[in-house]
Protein chains: 2
Amino acid sequence: MQIDLLDTFLDLAETRSFHRTAERLRITQSTVSARVTALEQAVGSRLFDRSRAGTDLTPEGKRFEPHARALRHEWNEAKRRIQIPQGASQLMRLGIQNDLAAVYLGDWVARFRAVLPETAFYIEPDYSNQMCADLLTGILDFAVMFSPKPHPDLHFESVGDVTYRMISTETPRLAEITPARFVFAHFSPAFEEMHRQLTPDLATAAVSVGQSGSVVSLLTAMGGSGYVLEKTAADLVAGGRFLMVEDAPDLRQPVFAAIHIRHRTLPLHRKLTQLVARNFG
Amino acid sequence: MQIDLLDTFLDLAETRSFHRTAERLRITQSTVSARVTALEQAVGSRLFDRSRAGTDLTPEGKRFEPHARALRHEWNEAKRRIQIPQGASQLMRLGIQNDLAAVYLGDWVARFRAVLPETAFYIEPDYSNQMCADLLTGILDFAVMFSPKPHPDLHFESVGDVTYRMISTETPRLAEITPARFVFAHFSPAFEEMHRQLTPDLATAAVSVGQSGSVVSLLTAMGGSGYVLEKTAADLVAGGRFLMVEDAPDLRQPVFAAIHIRHRTLPLHRKLTQLVARNFG
DNA sequence: AAGCCGTGATCGGGTTTTCCGATCAATACC
DNA sequence: GGTATTGATCGGAAAACCCGATCACGGCTT
């Protein structure tokens with residue numbers, strides 16, 4: 001049994017297509033076929049029903065799936081649990097939404113360290129989808145994200161929301177802002193949707209970015225208007241070059257703490273959730 | 001990551017000798033070395049301290065050991081959990097002490113089936129040591145045995161004891177029994193010890209067997225004396241050829257139900273333990 | 001009905017990995 | 001100082017793995 005086989009199995013269980021799995025895993029279809037066959041031989045049961053029109057899990061395959069997840073999770077847990085930075089009693093790997101890292105990370109980690117001085121932290125800014133996948137595989141212990149991806153093994157908890165405000169190099173009035181010089185933000189699907197509804201005419205903007213930092217970078221370089229984090233907006237306006245677009249609606253993005261279901265009740269994880277939630281309380 | 005590597009790691013952690021592990025796993029020492037290196041590379045940490053004078057686990061290795069056990073266990077669980085006999089909702093694999101199978105198995109299984117009609121049973125008579133190993137790897141779910149082998153992952157519960165009585169083809173009196181025609185029984189280390197203490201002069205018997213069924217077979221074929229299960233003794237005496245050695249002390253062998261620590265609190269396992277215990281209540 | 005597209009299986013080959021047997025260097029013990 | 005035992009290392013044989021191409025089959029369109 002090799003991890004490769006499990007990864008292939010799980011991906012195939014998701015895509016239900018040898019070709020798509022081959023593409024996603026950057027291997028050939030014949031290799032997918034061989035790996036699945038190898039795994040089936042190892043467990044002693046057929047795991048997939050292959051027909052000309054698609055692939056599906058057999059009852060055995062369905063029963064095997066949670067075990068495959070558990071194995072992969074355990075393996076990843078094992079790999080990192082054994083190496084702990086010297087002096088620390090344990091290691092926590094945190095994921096943080098890309099957008100939030102720049103502004104909030106410092107505060108959070110300072111607070112974490114104060115409450116958990118014995119714990120070492122490894123932090124990785126990333127996107128929601130990737131963080132959900134990493135929580136599942138055990139690469140991350142805890143994540144703060146915008147877009148929870150429902151999954152039976154994941155547990156999400158709302159910890160508040162962050163506010164985005166519109167700023168501009170040109171005008172403080174919403175009516176005067178045109179799509180041509182507007183930077184549209186798609187920080188998350190939910191955010192994008194809200195954005196479209198509240199300012200439908202700006203949704204046709206020529207430039208669309210998925211990160212608050214990038215919006216700032218663009219606006220600083222080329223001028224124009226766009227939504228940025230409240231805190232960033234205040235800083236930029238104080239700098240003199242930017243104006244707050246006062247009559248533009250504020251956009252609120254909900255923030256979630258995410259953990260693997262297995263850790264839901266662990267005191268350590270509860271503590272972290274509380275500390276993050278306090279930020280928005 | 002392959003199961004082979006984990007098996008090698010765990011065996012090496014036990015023997016602390018590359019040579020002995022090679023011998024036990026029927027591979028060469030160089031393969032053990034290569035496998036350990038491969039695993040170390042996979043987890044990214046040195047797992048063993050090798051010195052000329054023996055081998056020992058590094059702190060990382062110590063931390064990895066439970067994970068390795070968990071992985072192996074999960075893998076074995078997965079392999080068999082997915083294949084369930086048709087019509088049954090689940091499968092339990094039971095181990096039963098070799099000596100007890102012939103006499104008690106029928107009653108037990110009948111009782112199990114009555115209480116758990118939806119459950120399929122796979123039963124394997126075996127010896128205590130092997131059953132302990134199988135419980136650890138997840139091959140067995142539940143076992144009834146004479147000799148619990150202490151292990152952090154195993155949970156034992158006393159369920160009573162069985163009585164052995166001495167019978168003979170020759171005389172009903174202990175004083176007249178000689179080692180020459182006596183069949184010594186070593187059903188378990190504890191039993192053997194007790195046997196030696198109570199009848200020290202018979203411990204030098206020419207024939208020594210580890211199974212009650214074999215004792216019966218020997219006595220039937222050649223005549224003589226020896227300890228057999230109480231129930232068997234009664235049957236044989238009723239048959240006319242054998243005499244009960246009335247003044248010989250009865251030997252009581254404690255019986256234990258054994259499960260993996262993970263299943264200690266599962267209702268199903270508790271139920272089985274109760275049903276077995278009722279036998280001796 | 002014929003042709004086309006998409007499905008997974010299979011085959012030949014080159015590459016990589018795995019394993020063994022032998023040997024080596026270093027230590028423990030006599 | 002020998003001898004036995006420890007794990008590491010090397011070379012070659014065997015096996016496993018992966019890819020690319022092709023095949024067989026079913027569903028769809030024309």
Side-chain angles (χ1 to χ4, degrees), chain A residues 1-62 64-65 68 71-72 75 79 82, chain B residues 1-62 64-65 68 71-72 75 79 82:
Chain A
M1 195 271 306
Q2 293 155 212
I3 289 295
D4 283 352
L5 303 188
L6 296 181
D7 281 335
T8 307
F9 167 83
L10 287 169
D11 197 279
L12 185 53
E14 194 180 327
T15 67
R16 279 141 206 264
S17 156
F18 281 57
H19 290 279
R20 244 174 300 159
T21 287
E23 201 176 328
R24 285 166 52 149
L25 301 184
R26 318 283 180 96
I27 53 181
T28 60
Q29 175 261 317
S30 64
T31 300
V32 176
S33 183
R35 284 190 184 174
V36 171
T37 306
L39 184 61
E40 287 179 332
Q41 196 175 351
V43 301
S45 294
R46 203 134 229 267
L47 297 172
F48 290 98
D49 274 330
R50 291 88 135 171
S51 80
R52 307 297 165 196
T55 298
D56 205 355
L57 285 162
T58 61
E60 285 82 7
K62 286 203 190 78
F64 184 67
E65 190 175 350
L71 279 165
R72 191 175 59 173
W75 170 246
K79 264 201 300 189
I82 63 173
Chain B
M1 193 271 307
Q2 292 157 210
I3 291 294
D4 282 352
L5 303 189
L6 296 181
D7 281 335
T8 307
F9 167 83
L10 287 169
D11 197 280
L12 185 54
E14 194 181 326
T15 67
R16 279 144 205 265
S17 155
F18 282 57
H19 287 94
R20 243 174 303 159
T21 287
E23 200 176 331
R24 285 165 52 149
L25 302 184
R26 317 281 180 96
I27 54 180
T28 59
Q29 175 262 317
S30 63
T31 299
V32 176
S33 182
R35 284 189 183 174
V36 170
T37 307
L39 184 61
E40 287 178 332
Q41 195 174 351
V43 301
S45 293
R46 204 132 229 266
L47 297 172
F48 289 98
D49 273 332
R50 290 89 136 171
S51 79
R52 307 300 165 195
T55 298
D56 206 355
L57 286 161
T58 61
E60 286 81 7
K62 286 204 190 77
F64 183 67
E65 190 175 350
L71 279 165
R72 191 175 62 172
W75 169 246
K79 265 201 298 188
I82 62 174

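Labels below follow one simple rule: chain letters A, B, ... track the order of the sequence lines, proteins then strands, and each chain is numbered from 1. Owing to the predicted nature of the structure, the values given are computational and were not obtained by experimental measurement.
- We find that CD of A:Q41 is positioned 14 Å from C1' of D:dA15, with the value rounded to whole Å.
- At least one side-chain heavy atom of B:F48 sits less than 4.5 Å from a side-chain heavy atom of B:L57.
- Every residue was checked against the side-chain hydrogen bond (donor to acceptor under 3.5 Å, both in side chains) condition with B:S17, not counting sequence neighbours, and none meets it.
- Every residue meeting the side-chain hydrogen bond (donor to acceptor under 3.5 Å, both in side chains) condition with B:T8, not counting sequence neighbours, appears here in chain and number order: B:R35.
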Residues B:T21, B:Q29; criterion side-chain contact (heavy atoms from CB on, under 4.5 Å); working and verdict: CA-CA 8 Å; B:T21 287; B:Q29 175 262 317; over 6 Å; no
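- Remark: C1' of C:dG8 and CZ of A:F9 are 17 Å apart, rounded to the nearest angstrom.
- Remark: B:F64 engages B:F9 in a ring pair (Phe, Tyr, Trp, His ring centres under 6.0 Å) (not counting sequence neighbours).
- Here B:R50 does not reach the OP1 or OP2 of D:dT6: none of its side-chain N or O atoms lies under 4.0 Å away.
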Per-nucleotide protein contact along nucleotides 17-27 of chain D, 5' to 3', at a 4.0 Å heavy-atom cut-off (B base, S sugar-phosphate only, - neither), is SSBBB--BBS-
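- Within the 4.5 Å cutoff, the side chain of B:L39 has no heavy atoms near those of the B:V36 side chain.
- Atom CG in A:D49 sits roughly 17 Å away from atom P in C:dT7 (whole-Å rounding).
- Residues satisfying the side-chain hydrogen bond (donor to acceptor under 3.5 Å, both in side chains) test with B:E14, not counting sequence neighbours, are B:R24.
- For DNA chain D, the neighbouring residues in residues 12-24 of chain B, judged by any heavy atom under 4.0 Å, are B:R16, B:S17, B:F18, B:H19.
- An OP1 or OP2 oxygen of D:dT9 is reached within less than 4.0 angstrom by no side-chain nitrogen or oxygen of B:S33.
- Contact check for A:L47 versus B:I82: side-chain heavy atoms found under the 4.5 Å cut-off.
- Rounded to whole angstrom, the span from the CG atom of B:D56 across to the P atom of D:dG7 amounts to 11 Å.
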